Engineer: 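Input: one structure, supplied below.
These numbers come from a predicted model, not from an experiment. Indexing begins at 1, ligand by ligand and atom by atom, following the structure's order.
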Amino acid sequence: MKYELLKTEGRAKRGRFHTAHGVIETPVFMNVGTVAAIKGAVSTDDLRDIKCQVELSNTYHLHVRTGDKLIKELGGLHKFMAWDRPILTDSGGFQVFSLAGIRKIKEEGVTFNSHIDGRKIFMGPEESMQIQSNLGSTIAMAFDECPPALAERKYVEDSVARTTRWLHRCKEEMARLNSLPDTINKEQLLFGINQGAIYNDIRIEHAKAISELDLPGYAVGGLAVGESHEQMYDVLDHVVPYLPQNKPTYLMGVGTPANILEAVDRGVDFFDCVYPSRNGRHGHVYTNHGKLNLFNQKFEKDMRPIEEGCGCPACKTYSRAYIRHLLKAKEMLGMRLCVLHNLYFYNTMMEEIRNALDAGEFATYKKNKLASMEAGEQ
Ligand SMILES: [Zn+2]
């Protein structure tokens, strides 16, 4: 059995997921390294220091620049970036639909222009699986269309039906790839993705249909793309009960610490988001007393660490005043320290969530954490 459901509290799940690259304790936050690097000059040695369990890389980006075939020739993504723990690769679908110049969506797949050099590329379920197999990631995501949250019902229905047909093709193609002699990770796992914008009935029907494929995990996609937090929680309230409880449940691209606490409460146990690294690069840092903007004048003479008691590489040694100076002087170290702190904050929060679930005290933990972050610094 790949996923052990260790404990539940209400709908919240505490799990353990066994993979070819080691065990993932859940709930988990996956640290986003789009082009096989966490933006902000963070190395894989750093990732080990800041409690990262799973690194997430991007199929589309690695396909258009450097190329998955070259990465395969060099031994796969793990060897290439010197990271031996689990890696999840997204399918490229989201970027194809959001970044690239789309030319055509057909039953076979999508033709688009690379955002790097404009060259024409075709990607369908088979191509996405082949790229992810070349990368040799631990978990591959299904190729899907992510319709805009506010798209019209008819468009969403047609899109979701196609995403289901694409999922069958992904599953078949991955089985074929995993059986080939020169495949890097023959135990690569495929996660299906639930879509349906904010139409709960479409999402529920889709969740039922994809659950029948008995995949190792399932994601809820197409959220955090313009809908409100309340709409997102409402979708989770309706859809998560129709995804298998004895498999990982992954909420793609979410979110703030509060979003994560609310989603854990609704049965989600895998997360990823660019917020901690993106905000860190802009000098915005997370603490248990809310978010601070280190560019603020008030930190000019503040010799305290970003957060008292934080064990991250930034807080162990450096002050707010020094990091503010580095940011103002546009020194790369400033942004690096902020990103390290933020990822450590997220990874530590997930650890606290797991400990709270183990102790049967998640409800109390969530209430206190939210109240403390809300109250701000005294
Ligand atoms: Zn810190």
Engineer: Ring centroid separation for Tyr218 and Phe270, is it under 6.0 angstrom?
Structural biologist: no

Engineer: Do the numbers put Arg16 on top of the ring of Tyr3, so that NZ or CZ is under 6.0 Å from the six-membered ring centre and no more than 45° off the axis?
Structural biologist: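 The answer is no; the distance or angle limit is not met.
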
Engineer: Is a salt bridge present between Arg162 and Asp158, judged by a nitrogen-to-oxygen distance below 4.0 Å?
Structural biologist: no

Engineer: Spell out the protein N/O/S atoms under 2.8 Å from the Zn ion (ligand 1) as residue plus atom name.
Structural biologist: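 Protein N, O or S atoms closer than 2.8 Å to the Zn ion (ligand 1): Cys310 SG, Cys312 SG, Cys315 SG, His341 ND1.
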
Engineer: Please say whether more than 12 non-hydrogen atoms of neighbouring residues, nucleotides or ligands are located less than 6.0 Å from CZ in Arg11.
Structural biologist: yes

Engineer: Please determine if Arg324 forms a cation-pi arrangement with Phe295, meaning its NZ or CZ atom is less than 6.0 Å from the six-membered ring centre and no more than 45° off the ring axis.
Structural biologist: no

Engineer: How about Glu172: does its CD atom have over 12 heavy atoms from other parts shown lying under 6.0 Å from it?
Structural biologist: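 No.
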
